[in-house]
Amino acid sequence: MRIDKFLKVSRILKRRAVAQEACSAGKVVINGREVKPAHEVKEGDVVEILYASGTLKFKVLEIKDYVKKDDAGKMYEIIE
């Protein structure tokens with residue numbers, strides 16, 4: 001699954017367009033490398049999102065095309 005879609009489906013970011021902008025601006029890092037919106041994410045990847053106020057680092061646990069709001073948190077585990 002593309003990283004921009006994963007960020008939207010998991011509800012880490014509200015909209016896919018916002019996720020695409022973050023990736024294009026170099027604010028999304030997977031396993032230590034900056035990625036573009038089309039980068040494929042897989043289970044076990046460590047993703048870091050750089051915000052102005054800090055960073056969010058999490059590990060991808062599962063990938064699904066659609067999840068309910070209550071189950072979105074089960075797709076990832078926050079690290080640090």
Side-chain angles (χ1 to χ4, degrees):
M1 175 182 289
R2 291 170 53 118
I3 185 63
D4 59 342
K5 184 173 181 183
F6 178 83
L7 293 173
K8 185 238 182 236
V9 170
S10 64
R11 291 176 172 78
I12 292 172
L13 295 175
K14 299 241 181 225
R15 294 188 319 267
R16 191 165 178 179
V18 173
Q20 289 173 338
E21 289 173 14
C23 291
S24 296
K27 296 181 188 262
V28 178
V29 177
I30 298 179
N31 299 328
R33 293 180 45 215
E34 286 184 12
V35 296
K36 299 292 182 195
H39 185 85
E40 291 291 317
V41 67
K42 51 192 180 305
E43 293 176 5
D45 282 349
V46 175
V47 181
E48 193 170 356
I49 301 176
L50 310 170
Y51 294 105
S53 60
T55 63
L56 172 65
K57 190 172 185 180
F58 61 91
K59 182 177 182 179
V60 177
L61 299 179
E62 61 183 350
I63 296 176
K64 294 183 178 179
D65 286 331
Y66 174 80
V67 292
K68 293 183 180 180
K69 185 178 180 180
D70 297 336
D71 296 332
K74 296 176 184 174
M75 294 179 70
Y76 59 92
E77 172 187 28
I78 295 180
I79 304 170
E80 298 175 12

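What you see is a predicted model; the values in this text were computed from it and never measured.
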Would you say I30 ends up clustered with I12 if hydrophobic residues are merged whenever their side chains have heavy atoms under 4.5 Å apart, either directly or through other cluster members? yes
With a 3.5 Å cut-off and sequence neighbours excluded, list the donor-acceptor pairs that the side chains of residues 68-75 form with protein atoms.
from	atom 1	to	atom 2	distance (Å)
D71	OD1	K74	NZ	3.4

Who are the side-chain contact (heavy atoms from CB on, under 4.5 Å) partners of S24, not counting sequence neighbours? P37
Check side-chain contact (heavy atoms from CB on, under 4.5 Å) between K36 and all other residues, then give those that pass, not counting sequence neighbours. none
Quick test of your reading: applying salt bridge (charged side-chain N to carboxylate O under 4.0 Å, His left out), list the pairs with at least one residue in residues 7-26, sequence neighbours left out, ordered by first then second residue. D4-R16
Could you tell me which residues satisfy salt bridge (Lys or Arg N to Asp or Glu O under 4.0 Å) with K57, sequence neighbours excluded, listed by chain and number? E80
In terms of hydrophobic clustering (I, L, V, M, F, W, Y; side-chain heavy atoms under 4.5 Å; direct or indirect links), are L7 and L61 co-clustered? no
All pairs passing ring-ring contact (aromatic ring centres under 6.0 Å, His included) where residues 17-53 contributes a residue, at least two apart: none
Verify same cluster id: V46, I78 (apolar side-chain graph, 4.5 Å): no
Are L56 and I3 joined in one hydrophobic group, where the rule is that I, L, V, M, F, W and Y side chains link up if heavy atoms are under 4.5 Å apart? yes
Residues at least two apart in sequence or cross-chain that pass salt bridge (Lys or Arg N to Asp or Glu O under 4.0 Å) with K5, listed by chain then number, are D65
Could you tell me the separation between the NZ atom of K42 and the CE atom of M1, rounded to the nearest 0.5 Å? 14.0 Å
Restricting to side-chain contact (heavy atoms from CB on, under 4.5 Å), what partner residues turn up for V60, sequence neighbours left out? F6, V41, D45, V47, F58, I63
Interatomic distance, NZ@K59 vs CD1@I79, rounded to 0.5 Å, equals 7.0 Å
